[in-house]
Amino acid sequence: MIKLKAPIIVEGKYDKITLSNIVDTLIISTDGFGIFKNKEKRDMIKALAEKNGIIVMTDSDSAGLVIRNHIKGFIDPKKIINVYVPCLKGKEKRKDTFSKEGLLGVEGMSREVIEEALKKSGVCKMPACSDGRKITKLEFFELGFSGKESSREKRKALLEKLGLPQNLSANAMLEILNTLYCRDELEEILKNG
C-alpha cells in the first residue's frame, strides 16, 4: 500500500474501489458529473485541499478532462496534484461494451500502471502524517464525537470550526479528520478549543 496524506479525487465508485487496494488515503468520488451540482462535496474538497492539497486522478477520456477542469475552477491550482493515467484502449471487465472513446478508465488500470502514474506525479515523495498516528474509532468515541447524546452537536461544532460540511456522519468525519490531521494535531486543536 502506498501511504499518502493528500486525498485522491476520482470519478466513480469503481475507480474508488480499484484505488482502495493500492493507496492508503481518503478517496472521494465526484459521482461523475454529479460534482457540478453538489455544493457540499465541492466545499469538502476545498477544505481538504486547503490543508494538504488534493490529488486528482480522472479517466483519460474527454469526460475525465471536463471533470478535472471543473475541479481546477474551484480549487487553487497550486493545491492540486494531477495524476494522469495513460490512454489505453480496452474496456473494463464489468462492462459489456467499450466506452464512447474506447479507453480504459482508472478502474480498468492495472496496479502497476496506477503505481507508475502516482510515482511520475511525485505524490509518492510527499510525506504522510509525520507521527503516523491516526484517531481510532474508540478514541473518537472517548472524545465524545460518537455514541453519546451530545455527539452530533459536538461533531457539528468542530466541523464548523474547521470549515467542513456539518452534516457528515461520524464515520465520514473520522475519515476526513484522519486525512487532514495527525492525532497529535487534532488533540492540539481540541485543547485550544
Side-chain angles (χ1 to χ4, degrees), residues 1-13 15-31 35 40-58 64 67-68 70-85 106-107 109 111-140 143 145-146 155 158-166 168-192:
M1 283 285 229
I2 299 172
K3 283 185 165 282
L4 301 171
K5 187 163 185 174
I8 297 181
I9 312 302
V10 296
E11 289 181 53
K13 68 179 181 179
D15 300 330
K16 185 175 179 176
I17 291 166
T18 297
L19 281 178
S20 67
N21 294 310
I22 301 169
V23 297
D24 180 9
T25 194
L26 177 64
I27 303 168
I28 299 169
S29 165
T30 66
D31 301 321
I35 191 73
E40 285 193 359
K41 189 169 277 193
R42 286 193 311 269
D43 289 345
M44 180 179 66
I45 291 170
K46 276 186 204 177
L48 291 166
E50 282 304 310
K51 176 69 178 172
N52 297 318
I54 58 167
I55 300 163
V56 177
M57 183 186 280
T58 58
I67 293 167
R68 188 182 294 271
H70 180 72
I71 293 169
K72 285 181 193 174
F74 67 89
I75 302 289
D76 179 354
K78 292 181 221 147
K79 299 283 186 178
I80 298 173
I81 296 174
N82 286 295
V83 175
Y84 295 95
V85 295
V106 171
E107 74 171 275
M109 298 289 157
R111 177 184 201 93
E112 294 76 24
V113 168
I114 290 173
E115 287 175 351
E116 184 62 26
L118 289 167
K119 286 175 187 167
K120 281 182 181 176
S121 72
V123 299
C124 295
K125 295 175 186 156
M126 295 171 61
C129 192
S130 58
D131 65 8
R133 295 173 31 202
K134 293 186 173 188
I135 295 187
T136 65
K137 283 191 175 192
L138 177 60
E139 290 166 329
F140 201 62
L143 290 169
F145 291 111
S146 67
R155 284 195 311 271
L158 180 60
L159 289 166
E160 183 176 355
K161 178 181 178 179
L162 298 175
L164 294 168
Q166 295 176 27
L168 295 175
S169 68
N171 285 337
M173 179 178 173
L174 179 60
E175 190 174 16
I176 288 171
L177 289 177
N178 274 325
T179 299
L180 291 172
Y181 306 100
C182 296
R183 190 168 75 182
D184 293 344
E185 291 173 323
L186 186 60
E187 286 172 2
E188 192 65 31
I189 289 168
L190 295 174
K191 190 166 53 171
N192 295 330

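Position 1 is the first residue of the sequence; numbering continues from there.
Of the inter-residue distances, the one linking Asp24 atom CG with Leu19 atom CG reads 12.0 Å to the nearest 0.5 angstrom. To the nearest 0.5 Å, atoms CD1 (Ile9) and CD1 (Ile28) are separated by 4.0 Å. Taken to the nearest 0.5 Å, the CD1 atom of Ile54 stands 16.0 Å off from the NZ atom of Lys51. The CD atom of Glu139 sits 11.5 Å away from the OG atom of Ser146 when rounded to the nearest 0.5 Å. Taking CD1 from Ile81 and CD1 from Ile55, the interatomic distance works out to 5.5 Å, rounded to the nearest 0.5 Å.
Scanning for ring-ring contact (aromatic ring centres under 6.0 Å, His included) contacts around Phe74 gives His70, with sequence neighbours left out. Legend: residues meeting side chain to side chain donor-acceptor pair (under 3.5 Å) with Asp76, ordered by chain and number and at least two apart, are absent. Under the side chain to side chain donor-acceptor pair (under 3.5 Å) criterion, Lys13 pairs with no residue at all, not counting sequence neighbours.
The heavy-atom pair separating Val106 from Ile114 by the smallest distance is O-CD1, 3.9 Å. Taking every heavy atom of both residues into account, Val23 and Leu118 meet most closely at CG1-CD1, 3.7 Å. Residues Ile135 and Phe140 share a closest heavy-atom pair of CG2-N, 3.9 Å. Here the closest non-hydrogen pair linking Lys79 and Ile75 is CB-CG2, 4.0 Å.
Between Ile17 and Glu107, every side-chain heavy-atom pair lies at or beyond the 4.5 Å cut-off. Under the 4.5 Å side-chain criterion, counting only non-hydrogen atoms from C-beta, Lys137 is in contact with Asn171.
Distance alone, capped at 3.5 Å, places no donor-acceptor pair between the Thr58 side chain and the Glu11 backbone. Judged by distance alone, with hydrogens and angles left aside, the side-chain atoms of Asn52 form no donor-acceptor pair with the main-chain N or O of Leu48 at under 3.5 Å. Remark: side-chain polar atoms of Lys5 are not paired, donor with acceptor, to backbone N or O of Gly53 under 3.5 angstrom.
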I would like to know whether Glu116 and Lys119 meet salt bridge (Lys or Arg N to Asp or Glu O under 4.0 Å); could you show each step before the answer?
CA-CA 5 Å; Glu116 184 62 26; Lys119 286 175 187 167; 5.4 Å; no
side-chain contact (heavy atoms from CB on, under 4.5 Å) assessment of Thr30 paired with Ile71:
CA-CA 10 Å; Thr30 66; Ile71 293 169; 4.2 Å; yes
- Task: For the pair Ile45 and Ile35, evaluate side-chain contact (heavy atoms from CB on, under 4.5 Å) and give the outcome as yes or no after the intermediate values.
- Result: CA-CA 10 Å; Ile45 291 170; Ile35 191 73; 3.8 Å; yes
Next item on the list: Begin with the C-alpha distance, continue with both residues' side-chain angles, and end with the deciding distance and a verdict on side-chain contact (heavy atoms from CB on, under 4.5 Å) for Leu190 and Leu158.
Entry: CA-CA 8 Å; Leu190 295 174; Leu158 180 60; 4.0 Å; yes
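No option in Asp15, Val56, Thr18 other than Asp15 meets the side chain to side chain contact (heavy atoms under 4.5 Å, CB included) test with Val10.
A cation-pi geometry, defined here as NZ or CZ lying under 6.0 Å from the six-membered ring centre and within 45° of its normal, holds between Arg68 and Tyr84.
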